[in-house]
Visitor: 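My structure is below; once you've seen it, I'll send some questions.
The chain is numbered in sequence order, starting from 1. One-based numbering, in listed order, for ligands and for the atoms of each. These values consider heavy atoms only, across backbone and side chains, with no hydrogens, waters or symmetry-generated copies.
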Amino acid sequence: MTDSRDEPLVLGIETSCDETGVGIVRGTTLLADAIASSVDEHARFGGVVPEVASRAHLEAMVPTIDRALKEAGVSARDLDGIAVTAGPGLAGALLVGVSAAKAYAYALGKPLYGVNHLASHICVDQLEHGALPEPTMALLVSGGHSSLLLSSDITSDVRPMGATIDDAAGEAFDKIARVLNLGFPGGPVIDRYAREGDPAAIAFPRGLTGPRDPAYDFSFSGLKTAVARWIEAKRAAGEEVPVRDVSASFQEAVVDVLTRKAVRACKDEGVDHLMIGGGVAANSRLRALAQERCEAAGIRLRVPRPKLCTDNGAMVAALGAEMVARNRPASSWDLSADSSLPVTDPHVPGHDHSHDHVHEVSKENLYS
Ligand code: KG4
Ligand code: ZN
């Protein structure tokens, strides 16, 4: 494709958790990234409340789509497809996005692409650094997931290498922030305090790093308990809790394990590109340590800017555009939300309707 106008123009909808994201991309170029977040509505509960998230998506959906179209300066009629997160995520929240995507796609006569949230987190990097090398190792770390994935073709071949066996990395940040009374979400606050603390002040445990432990799986629940006990002991002794040192030492334990295992997976598989995505990829120490360790191992590191790392619609549009560019079949109209959609399904074609032409849907068909 020489003329960028030939590249697919795709709108993507993301509602798997608490952000209503609508992005528009042309090929690998970002045109709009509109977000409405319900994070403030969850803050007083210390975590995302699914029913609150679903209702917020419903209210934000149409205005956010309008905002994205305006920001991109395109008309909905010009779209080549509509992509939507089909899973994994919160069932009710996903359902709002999938229903909206179907309604827009059907009404506009555009193909629908149900895509995988984790594969989208990887694909978004194309908007920052251009086409993803194949293969690419991906470390995805957020409040809901922590996994190592090997992507050989982001539209069809994503292999899980390892995942957390208990808490997600972001969840550990959020829980420790709660113990320290720092509010929700905890990652950004701990990141800030940690910059003024000593990462070697307290030796917190590194989960699943023993010689017999699975090489690519993670565990953060032991670390979380160790940090909470340490803080409780200080409080019980009437001593002040050194928030900066605790933050730095806890954060170091998390990012040490994440980067060590990611680099090891690259070396073992002979992969020389590592991408890091998900909300925790915004962490400044994770970025710095990953850079240091990748350089030492001859691995090229790709980390999108923080706004593209957290949940957003642009990542869904990016993967949708890749589906169109590679002629992947569109999803069928009976596409459903799947809260535990496996990453081995980067997209959900449904039944083979690849010969259907949605453009031919006529009023007669609609009302018969
Ligand atoms: O990807 P995301 O927006 O939503 C999920 O899919 O979970 O990630 C949110 C998570 C939260 O747990 C938040 O505490 C964490 O990412 N996070 C961070 C940072 N910024 C956000 N964790 C560590 N350091 C940060 N700077
Ligand atoms: Zn996510």
Visitor: Applying a heavy-atom cut-off of 4.0 Å, say which part of His145 lies close to ligand 1: side chain, backbone, both or neither.
Guide: side chain

Visitor: Answer yes or no: is there an ion pair linking Asp191 with Arg195, defined by an N-O contact shorter than 4.0 Å?
Guide: yes

Visitor: Give yes if a backbone or side-chain nitrogen or oxygen of His117 is under 3.5 Å from a nitrogen or oxygen of ligand 1, and no if not.
Guide: no

Visitor: In the protein, what heavy atom is nearest to atom 14 (O) of ligand 1, and what distance, to one decimal place, separates them?
Guide: Asp174 OD1, 2.7 Å

Visitor: Do the charged groups of Asp256 and Arg293 touch, with an N to O distance under 4.0 Å?
Guide: yes

Visitor: Looking at atom 26 (N) of ligand 1, what's its closest protein heavy atom, distance included?
Guide: Asp191 OD2, 2.9 Å

Visitor: Does the distance from a Lys or Arg side-chain N to an Asp or Glu carboxylate O, for Lys224 and Asp166, drop under 4.0 Å?
Guide: no

Visitor: For His117 and Ser120, which I'm curious about, is there any donor-acceptor pair between the side chains at under 3.5 Å?
Guide: no

Visitor: At what distance is the nearest protein heavy atom to atom 15 (C) of ligand 1, and which residue and atom is it?
Guide: Val280 CG2, 3.9 Å

Visitor: Are the side chains of Pro160 and Thr344 in contact, using a 4.5 Å heavy-atom criterion?
Guide: yes

Visitor: Is ligand 1 under 4.0 Å from a heavy atom in the side chain of Pro188, in the backbone, in both, or in neither?
Guide: both

Visitor: Could Glu171 and Lys175 be called an ion pair, given the rule that one side-chain N must be under 4.0 Å from one carboxylate O?
Guide: yes

Visitor: For the residue pair Thr155 / Arg328, report whether a side-chain donor-acceptor contact shorter than 3.5 Å exists.
Guide: yes

Visitor: List the steps, then state whether side chain to side chain contact (heavy atoms under 4.5 Å, CB included) holds for Cys309 with Arg287.
Guide: CA-CA 12 Å; Cys309 287; Arg287 287 172 172 253; 4.0 Å; yes

Visitor: For the Zn ion (ligand 2), what is the closest N, O or S atom on His121?
Guide: NE2

Visitor: Measuring from the Zn ion (ligand 2), name the closest N, O or S atom belonging to Asp311.
Guide: OD1

Visitor: Nearest protein heavy-atom contact for atom 4 (O) of ligand 1: which residue, which atom, what distance?
Guide: Asp311 OD2, 3.5 Å

Visitor: Do any nitrogen or oxygen atoms of Ser284 lie less than 3.5 angstrom from nitrogen or oxygen atoms of ligand 1?
Guide: no

Visitor: Below 2.8 Å, any N, O or S contact between Cys17 and the Zn ion (ligand 2)?
Guide: no

Visitor: Salt bridge or not between Arg159 and Glu269? Use side-chain N to carboxylate O under 4.0 Å.
Guide: yes

Visitor: Can you tell which of Ala169, Ser142, Gly187, Ala281 gets a heavy atom nearest to atom 23 (C) of ligand 1?
Guide: Gly187

Visitor: For the residue pair Thr136 / His273, report whether a side-chain donor-acceptor contact shorter than 3.5 Å exists.
Guide: no

Visitor: Which atoms of ligand 1 have any heavy atom of Thr310 under 4.0 Å away?
Guide: 1 (O), 3 (O)

Visitor: Any idea which atoms of ligand 1 are less than 4.0 Å away from a heavy-atom of Gly144?
Guide: 7 (O)

Visitor: Only heavy atoms count here, so choose which of Ser37, Gly143, Gly170 is nearest to atom 7 (O) of ligand 1.
Guide: Gly143

Visitor: Classify the side-chain pair Glu134/Ser152 by whether it contains a donor and acceptor separated by less than 3.5 Å.
Guide: no

Visitor: What protein heavy atom is closest to atom 24 (N) of ligand 1, reported as residue, atom name and distance in Å?
Guide: Asn283 ND2, 2.9 Å

Visitor: Could you list which atoms of ligand 1 come closer than 4.0 Å to a heavy atom of Gly186?
Guide: 14 (O)

Visitor: Backbone or side chain, does any N or O of Gly279 fall under 3.5 Å from an N or O of ligand 1?
Guide: yes

